[in-house]
**Q** 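Can you keep this structure in mind? I'll have questions shortly.
Not measured: the values here are computed from a predicted model. Letters A, B, ... are given to chains in the order of the sequence lines, protein chains preceding strands, and every chain is numbered from 1.
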Amino acid sequence: MSLPRRSFLQWLAQGTGVLAAASAPYGLAHMLAPEAPPSRVTKRPARRTLRPPGALATDSAFRDACIGCGLCAEVCPPRCILFHERDGGEDANTPYIVPEEKGCILCMKCGEVCPTPALEAIPRQKQAIYDKVRMGIAQIDRLSCYPWVNTGICGACVLSCPLGSRAIGFDFANLYRPVVKPDCVGCGLCVEVCPHPSLPIRVVARGESTVTGHETVEPLPQGTPSGSAGGAGVLPF
Amino acid sequence: MEETIAIPTPGRRPWRRHLNKLRWLVLTLVFAMLLLLPMISLYQTYVAAHGYDLLSPAQQRFYDFMEMLTSPFTSDPEKGLDAIKGTTWSGRFFGLQLSDPLAVLGQIAAGFTLYWPFVLSALIPVAATLLLGRIYCGWICPATFLYELNSNVAALLRRAGLNFGRKRLDRRFKYLVLFLGLVLSAVFGSVWVALIYPPAIIGRELYYAIALNGFGVGAVFFVLTLLFDILVARRGFCRYLCPGGALYSLLGRYRLLRIRRDVRNCNDCVKCNAICEFGLNPMRDDFGQECNNCSACIAACPTDALSFGIAIRDLPNQGDGHLGPRYRRQRAAGKEAS
């Protein structure tokens, strides 16, 4: 009687040992990984939550669908798609973009090659990109942007935008003050060219944006931290 | 009456003995492709950027090398090198999307949805496994390439007198790993079987190392599996723990292509058992669903008693080989008695 029970316990102990050993690298990495390694460009903690263009609306749906094959990054011409390769956890091996380090050029190749529904194939047309790409949205710090504090004429962000006046334009009253519009998709090309050392323009998650009216384009997905959405004027952005 | 025994004449060995070399060629090619694809991807981004002068000297050397390598095949590297993309986990092969069945299963478990274009991309691998068994494990898997080299390292260590790595565990354990991996994927909503599946790890870690910022955690996990193979059991990960191996074993249970022993030619030399990476018992017809048709035993057999055959089941144990000493002794004894 005791023999099968003992062998079962032995089996169980071995199994637990093996499972512990298997999860050790990922668990340790998760614990040891710094919360967010500082960005190369800004030296601030980099946001590593923005998904490539065409990603499913919620992050949990994206994690469900993504198998971590790396095809999206392999075809990405500017190599802006990075991976959670060392921080373990649920996000392990899923792609993200840090637009301030490397902006997405919206070539839409990643959605085309993605074998899973994680990234949707979106045609490379302005209207389709306005409608479907929801990477993030640009934010302008009006307390340091050169034209906004009257220390120069710039407009680099406006000129670099691939999407045109529905995404970013000049303020009505002052021709050189940039203003983000609701259709900005957060590609980050404007951040790349911003000449100000502190990068007053940056890309944030759409829920965190204070750009007036962008929420009316699409209601926030359930479970997204709402931040200060809609509260234009509360923060100096 | 003396039984006729066909002893193969030297110089007329059957071609199937060279299949193992072909297998090594395929394994090497797959691994070389996994090294080459990130390099091609990197090269394509350099070409697309039109910024040769902005590259560092090392990057320029890399660019020149890749240009030398690819210029015979294409004049437009930006678009002309896209025939093969991805890894063995999921990739595009001359316009055909192919995925590991485990990737599909893991994704279904994580998302509870069927995305048909993705599910269908595992159709060819599944069909191949149903017909040919664990052929992926033996012939394609990039981890197998490293694991078999690692087995040689372990053999050298053992020859040097270090006595470990001979444990035998329960080979049903991998089915539990597969089951648990899928359950955890479903519970946590993330394809977690990919984290412990060596070929997926190899593919993406090589990509991270070559084209991005260096190895990730998966490389640590893979080194641990190499140590496990050396210290605990030969090919222990594939035999006892690999979730993909478990899935392929299940799919290949009633495979058509099987290695079979011709008992009349077998001399019980045990070379096949010694060479079998998975610790099976070809000398006594015990292959089962674990056999990955790697053909190493066929290459090792000195009397060409082993060959590929088409059948849905293994032969039952046929007993001692007719060229073996025990069978002949028994026959002689039987003759004397009669």
Side-chain angles (χ1 to χ4, degrees), chain A residues 7 10-12 14-15 18-19 21-30 32-33 37 40 56 59-94 105 107 109 112-118 121, chain B residues 37-38 40-42 44-45 48-49 78 82 85-87 89-92 97 99-100 103-104 106-107 110-113 115 117-118 121 169-170 173 176-177 180 188-192 194-196 200 203-205 207-208 211-221 223-225 228 240-241:
Chain A
S7 71
Q10 223 169 20
W11 209 65
L12 210 65
Q14 276 175 355
V18 165
L19 275 183
S23 52
Y26 293 100
L28 279 178
H30 196 50
L32 296 178
R40 262 189 295 123
L56 287 171
D59 219 41
S60 71
F62 183 81
R63 278 195 300 256
D64 285 350
C66 174
I67 56 166
C69 65
L71 267 168
C72 49
E74 206 172 328
V75 298
C76 178
R79 279 197 291 144
C80 64
I81 298 182
L82 305 171
F83 290 91
H84 292 280
E85 57 208 356
R86 284 174 215 150
D87 40 3
E90 289 179 323
D91 274 333
N93 300 314
T94 53
I105 60 170
C107 67
K109 282 185 180 172
E112 211 176 283
V113 296
C114 182
T116 69
Chain B
L37 287 174
I40 288 178
S41 163
L42 200 56
Q44 284 179 314
T45 63
E78 216 186 314
D82 289 343
K85 283 272 170 217
T87 63
W89 184 235
S90 186
R92 193 165 280 199
Q97 185 73 38
S99 300
D100 199 305
V104 173
Q107 203 237 11
F112 297 115
T113 46
Y115 180 65
F118 183 50
S121 67
L169 309 173
D170 193 335
F173 196 76
L176 184 69
V177 173
L180 269 183
F188 289 95
S190 174
V191 187
W192 276 15
L195 300 182
I196 54 165
R204 61 170 184 261
E205 292 298 326
Y207 179 78
Y208 294 161
L212 292 179
N213 311 317
F215 286 116
V217 210
V220 179
F221 179 85
V223 170
L224 283 181
T225 64
F228 180 81
Y240 304 127
L241 297 173

**Q** May I ask you to decide if Leu71(A)'s main-chain N or O and Arg92(B)'s side chain share a donor-acceptor pair within less than 3.5 Å?
**A**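 No; judged by distance alone, with no hydrogens or angles, the pair does not exist.
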**Q** Taking side chain as everything from C-beta outward and backbone as N, CA, C, O, which of these in Phe173(B) sits under 4.5 Å from a heavy atom of chain A? Side chain, backbone, both or neither.
**A**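 For Phe173(B), heavy atoms of backbone and side chain both lie under 4.5 Å from chain A.
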**Q** Heavy-atom cut-off 4.5 Å, strictly under: side chain, backbone, both or neither for Ala73(A) against chain B?
**A**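 Both backbone and side chain.
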**Q** Chain A heavy atoms under 4.5 Å from Ala103(B): which part of the residue, side chain, backbone, both or neither?
**A**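 Both parts, heavy atoms under 4.5 Å.
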**Q** Among Phe215(B), Phe228(B), Tyr240(B), Tyr207(B), which residue forms the greatest number of heavy-atom pairs with chain A at distances under 4.5 Å?
**A**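 Sorted descending by pairs with chain A, the first entry is Tyr207(B).
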**Q** I'd like to know which of Leu241(B), Ile196(B), Leu195(B) tops the heavy-atom pair count under 4.5 Å against chain A.
**A**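 Winner by heavy-atom pair count: Leu195(B).
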**Q** Quick one: does any side-chain atom of Arg63(A) pair with a main-chain N or O of Phe188(B) as donor and acceptor, under 3.5 Å?
**A**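 It does not hold such a pair.
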**Q** With a 4.5 Å cut-off on side-chain heavy atoms, are Val75(A) and Gln44(B) touching?
**A**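 No, too far: nothing below the 4.5 Å cut-off.
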**Q** Give the member of Leu42(B), Val104(B), Val217(B) that has the highest number of heavy-atom pairs under 4.5 Å with chain A.
**A**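 Counting heavy-atom pairs under 4.5 Å, the top option is Val217(B).
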**Q** If you tally heavy-atom pairs under 4.5 Å against chain A, which of Gly86(B), Gly111(B), Ala48(B) wins?
**A**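 The answer is Gly86(B).
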**Q** Counting only non-hydrogen atoms closer than 4.5 Å, does Gln107(B) touch chain A with its backbone (N, CA, C, O), its side chain (CB onward), both, or neither?
**A**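 Both parts, backbone and side chain.
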**Q** Rounded to the nearest 0.5 Å, what separation is found between the CD atom of Glu74(A) and the CG atom of Leu212(B)?
**A**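 Taking CD in Glu74(A) and CG in Leu212(B), the distance rounds to 10.0 Å.
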**Q** Hey, is the main chain of Gly70(A) close enough, under 3.5 Å, to the side chain of Trp89(B) for a donor-acceptor pair?
**A**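 It does not hold such a pair.
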**Q** At a heavy-atom separation under 4.5 Å, does Ser90(B) approach chain A through its side chain, its backbone, both, or neither?
**A**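 Ser90(B) touches chain A through backbone and side-chain heavy atoms alike.
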**Q** Nearest 0.5 Å, please: how far is CD in Gln97(B) from OG1 in Thr116(A)?
**A**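 Between atom OG1 of Thr116(A) and atom CD of Gln97(B) there are 9.5 Å.
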**Q** Any ring pair (Phe, Tyr, Trp, His ring centres under 6.0 Å) involving residues 63-90 of chain A? Give me the pairs, sequence neighbours left out, ordered by first then second residue.
**A**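 Matches after skipping sequence neighbours: Phe83(A)-Tyr208(B), His84(A)-Tyr96(A).
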**Q** Between Ala65(A), Ser60(A), Cys114(A), who has the most heavy-atom pairs with chain B when the cutoff is under 4.5 Å?
**A**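 Going by pairs under 4.5 Å, I would pick Ala65(A).
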**Q** Would you say the side chain of Trp192(B) lies within less than 4.5 Å of the side chain of Glu90(A), judging by non-hydrogen atoms?
**A**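 Yes, at least one pair of side-chain atoms sits under 4.5 Å.
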**Q** Could you tell me which residues satisfy side chain to side chain contact (heavy atoms under 4.5 Å, CB included) with Thr225(B), sequence neighbours excluded, listed by chain and number?
**A**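 Counting only residues at least two positions away or on another chain, Thr225(B) forms a side chain to side chain contact (heavy atoms under 4.5 Å, CB included) with Tyr147(B), Phe221(B), Phe222(B), Phe237(B).
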**Q** Among Thr87(B), Asp170(B), Asp82(B), which residue has the highest count of heavy-atom pairs closer than 4.5 Å to chain A?
**A**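 Ranked by contacts with chain A, first place is Asp170(B).
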**Q** Is Val113(A) close to Lys85(B) at the side-chain level, that is, under 4.5 Å between some pair of heavy atoms?
**A**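 Of all side-chain heavy-atom pairs linking Val113(A) with Lys85(B), none is under 4.5 Å.
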**Q** Does any backbone or side-chain atom of Ile40(B) lie under 4.5 Å from a heavy atom of chain A? Answer side chain, backbone, both or neither.
**A**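 For Ile40(B), neither part sits under 4.5 Å from chain A.
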**Q** Quick check on the interface: out of Leu180(B), Leu224(B), Asn213(B), who has the most heavy-atom pairs with chain A under 4.5 Å?
**A**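 With the most close heavy-atom pairs to chain A, the winner is Asn213(B).
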**Q** With rounding to the nearest 0.5 Å, note down the distance linking OG1 in Thr113(B) to CG in Asp64(A).
**A**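 Rounded to the nearest 0.5 Å, the OG1-CG separation comes to 7.5 Å.
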